[in-house]
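The structure under discussion appears below in the form of structure tokens.
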There are 2 protein chains.
Amino acid sequence: MQDMFGRSSIGPSGEATLSEKSSRSDIVYRLLRQAILEQALRPGTKLAEDTIADHFKVSRTSVRAALVRLNAEGIVDLRANKGACVAEPTLEEARDIFALRRMLEAEVIRRLVADLDSADVKRLEQHVKQEEAALSDHGPLSIRLAGEFHILLAELTGSQALARFVREIVSRCSLILARFARLHSPECAVDEHVQIIRALQSRDTATAERIMLEHLHAVELRAELDIDKTEPDISAVLQRYARKG
Amino acid sequence: MQDMFGRSSIGPSGEATLSEKSSRSDIVYRLLRQAILEQALRPGTKLAEDTIADHFKVSRTSVRAALVRLNAEGIVDLRANKGACVAEPTLEEARDIFALRRMLEAEVIRRLVADLDSADVKRLEQHVKQEEAALSDHGPLSIRLAGEFHILLAELTGSQALARFVREIVSRCSLILARFARLHSPECAVDEHVQIIRALQSRDTATAERIMLEHLHAVELRAELDIDKTEPDISAVLQRYARKG
DNA sequence: ATCAACATGATTGTATACAATATTGACGAC
DNA sequence: GTCGTCAATATTGTATACAATCATGTTGAT
């Protein structure tokens, strides 16, 4: 749910500028993005322009604009004359992205420990409450809220740039989980988020940072990146089905 | 100059995917981006679709796609029904971005110290040589190469994600310099880049990191962010010209 | 003269039409 | 029957046409 006004205040949306545009291409952008991040559209899914345009009752023009944006964010792959697919991060990319995420979010923690006020804590606790409420349905909402907790943390630092990068990297981690994790349960345990809030309140940088890193490690474990479940390359797969077996 | 082949191998371009697309919208994207980063198009400049389309002899469609991408990178501001402008980072944003840049590039240094090989050094030295050659003309090329040195460093870490973020943040720093620095001379001194290479070769993390941070600090000083030269808000300016003076 | 309402032109947002490229199935040579 | 070639179809890339919104200058009432 948004706030009581129509627009999502400072909420973790994905807009590039602050102006609350709601053109058709923006609507398509937001809906596609949400569908991908909620894992309704899995990595590799073909995103045919006509199909999407027909579904949303808009022209391909608006769809294309949305796809270009999503491609710029790295959650959609766009090959020339071949159309768009939901991005499929490789295992290597996945590890790379998680490593960078740890670095970014550690920085978030360090900054928040320095100047987190009670209003911030309140917002975080409210968010966690939402997460708990959504926990029952085991559905897309739960997945999305888990990611948005981390985005909210980044936004509370007051650094637009940092928040921007965290938003992008969290999105890509969602994709990674969608691709590799066996059960697509919420990628973050709610109680781990509670722990993070507590650690921040304690103003103990080292501890808070450690808890965040443990949390991210746990998330990464859920992705089971050690197990190679990736079978993207047809020919590699078919190696095992040799001609005259 | 690129490499001996047509395409820029791993060169610091800005493509979102790896495929060497050269559609019209991509051409417009690259040229606009270059023009902005070389400070030919200064912050605040209106980017009217028709004007650009006419100039490049393409349709507005291609121009719009380019503008959407540039907006996603934070180089262009896009207000609904009002068109596009070259982004104008505020002073606050500028400091924020530089702070994040220091963090990211410190990470680059730490990673490179660990596993930089001689081939990497060679590429870096080649790049610096280009910088020196371009130094004489004091022009756009020099500005661009200075930024690309940092991008090259990030790429040599082998981390696509890190390189991506560095590329984006270096771009935005170019914008900041374009907006605030008095003389738009190359923002990085070439000899400082040489020092960085030397420090990396010494395998001394602490020193290398220190030199990089000093370098970035020097760049930030050239931006003169302490001096507020920004007069964006008309009404604020006109406060000083009261009605009945 | 001042200001508001309106009309005109300019610019952006969207849809449609066309061109270029890729995909797929059919046909024919061997 | 297998393979290559080509035609038919589908999908993407681009241009143009139209609709919606904004900027601006004019008119007219006060």
Side-chain angles (χ1 to χ4, degrees), chain A residues 6-7 15-32 41 44-72 76-87 234-235 238 241-245, chain B residues 7 15-32 41 44-72 75-87 232-235 238 242-244:
Chain A
R7 52 196 191 153
E15 64 258 33
T17 79
L18 6 97
S19 66
E20 189 67 26
K21 303 180 298 180
S22 69
S23 61
R24 302 193 182 186
S25 71
D26 284 308
I27 293 170
V28 175
Y29 163 79
R30 276 198 288 268
L31 291 176
L32 277 182
L41 294 171
T45 306
K46 180 73 195 294
L47 300 172
E49 298 176 2
D50 262 325
T51 309
I52 298 170
D54 291 351
H55 179 74
F56 288 130
K57 305 280 205 298
V58 299
S59 72
R60 277 179 52 217
T61 308
S62 309
V63 175
R64 277 183 77 83
L67 290 175
V68 168
R69 276 178 76 180
L70 292 168
N71 176 59
V76 157
D77 256 24
L78 217 51
R79 275 160 309 177
N81 295 318
K82 298 257 200 106
C85 293
V86 179
I234 304 281
S235 60
L238 297 186
Y241 297 81
R243 183 68 178 281
K244 54 183 201 59
Chain B
R7 52 195 192 156
E15 64 259 33
T17 79
L18 9 95
S19 67
E20 190 67 26
K21 303 182 297 181
S22 68
S23 60
R24 301 193 181 187
S25 70
D26 285 308
I27 293 170
V28 175
Y29 163 79
R30 276 199 288 268
L31 291 176
L32 276 182
L41 294 171
T45 306
K46 179 73 195 294
L47 300 173
E49 297 176 2
D50 262 324
T51 309
I52 298 170
D54 290 350
H55 180 73
F56 288 131
K57 305 281 205 300
V58 298
S59 72
R60 277 179 53 217
T61 308
S62 309
V63 175
R64 277 183 76 83
L67 291 176
V68 167
R69 275 178 76 179
L70 292 168
N71 176 59
I75 297 179
V76 157
D77 255 25
L78 218 51
R79 275 160 309 176
N81 295 317
K82 297 256 199 106
C85 293
V86 179
D233 190 7
I234 304 281
S235 61
L238 297 185
R243 183 68 178 280
K244 54 182 202 60

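Chain letters run A, B, ... following the sequence lines, proteins first and then strands; every chain starts at 1. Because the structure is predicted, anything quoted here is derived from the model rather than measured.
Ser62(B) meets the side chain to side chain donor-acceptor pair (under 3.5 Å) test with no other residue; sequence neighbours excluded. By the salt bridge (Lys or Arg N to Asp or Glu O under 4.0 Å) test, Arg60(B) pairs with Glu49(B), sequence neighbours left out. Thr51(B) is linked by a side chain to side chain donor-acceptor pair (under 3.5 Å) to nothing, counting only residues two or more places apart in sequence or in another chain. In this structure Ala87(A) satisfies the side-chain contact (heavy atoms from CB on, under 4.5 Å) test together with Asp77(A), Leu175(A), sequence neighbours excluded.
Note that CG of Leu41(A) is 13.5 Å distant from NZ of Lys46(A), once rounded to the nearest 0.5 Å. To the nearest 0.5 Å, atoms CG (Asn71(B)) and CG (Leu67(B)) are separated by 8.5 Å. Taking OG from Ser25(A) and CZ from Arg64(B), the interatomic distance works out to 7.0 Å, rounded to the nearest 0.5 Å.
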Pull out every protein N or O sitting under 3.5 Å from an N or O of nucleotides 14-21 of chain C, one pair per line with the distance.
residue	atom	partner	partner atom	Å
dT14(C)	OP1	Arg24(A)	N	2.5
dT14(C)	O3'	Arg24(A)	NH1	3.3
dA15(C)	OP1	Arg24(A)	NH1	2.3
dA15(C)	OP2	Ser59(A)	N	2.8
dA15(C)	OP2	Ser59(A)	OG	2.7
dA15(C)	OP2	Ser62(A)	OG	3.2
dA15(C)	N7	Thr61(A)	OG1	2.7
dT16(C)	O4	Thr61(A)	OG1	3.4

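Atom CG in Asn71(A) sits roughly 11 Å away from atom P in dG13(D) (whole-Å rounding). Rounded to an integer number of Å, the gap from Arg79(B) CZ to dG13(C) P is 11 Å. One atom, CD of Glu49(B), and another, P of dT21(D), lie 16 Å apart when rounded to the nearest Å. Note: CG (Leu67(A)) to P (dT12(D)) measures 9 Å, nearest angstrom.
Remark on the helix from dA1(C)-dT30(D) to dC30(C)-dG1(D): inter-end axis angle 10°, axes from five-pair C1' superpositions, rounded to 10°.
When heavy atoms are screened at a 4.0 angstrom cut-off, Ala48(B) is found touching the sugar-phosphate backbone but no base atom.
For Lys46(B) and dT12(C), the shortest distance from a side-chain N or O to OP1 or OP2 is below 4.0 Å. Not one side-chain nitrogen or oxygen of Lys82(B) sits closer than 4.0 Å to the OP1 or OP2 atom of dG13(C).
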(message) Under the criterion side-chain contact (heavy atoms from CB on, under 4.5 Å), I'd like the reasoning laid out for Phe56(A) against Ile27(A): C-alpha separation, chi angles, the key distance, then a yes or no.
(response) CA-CA 9 Å; Phe56(A) 288 130; Ile27(A) 293 170; over 6 Å; no
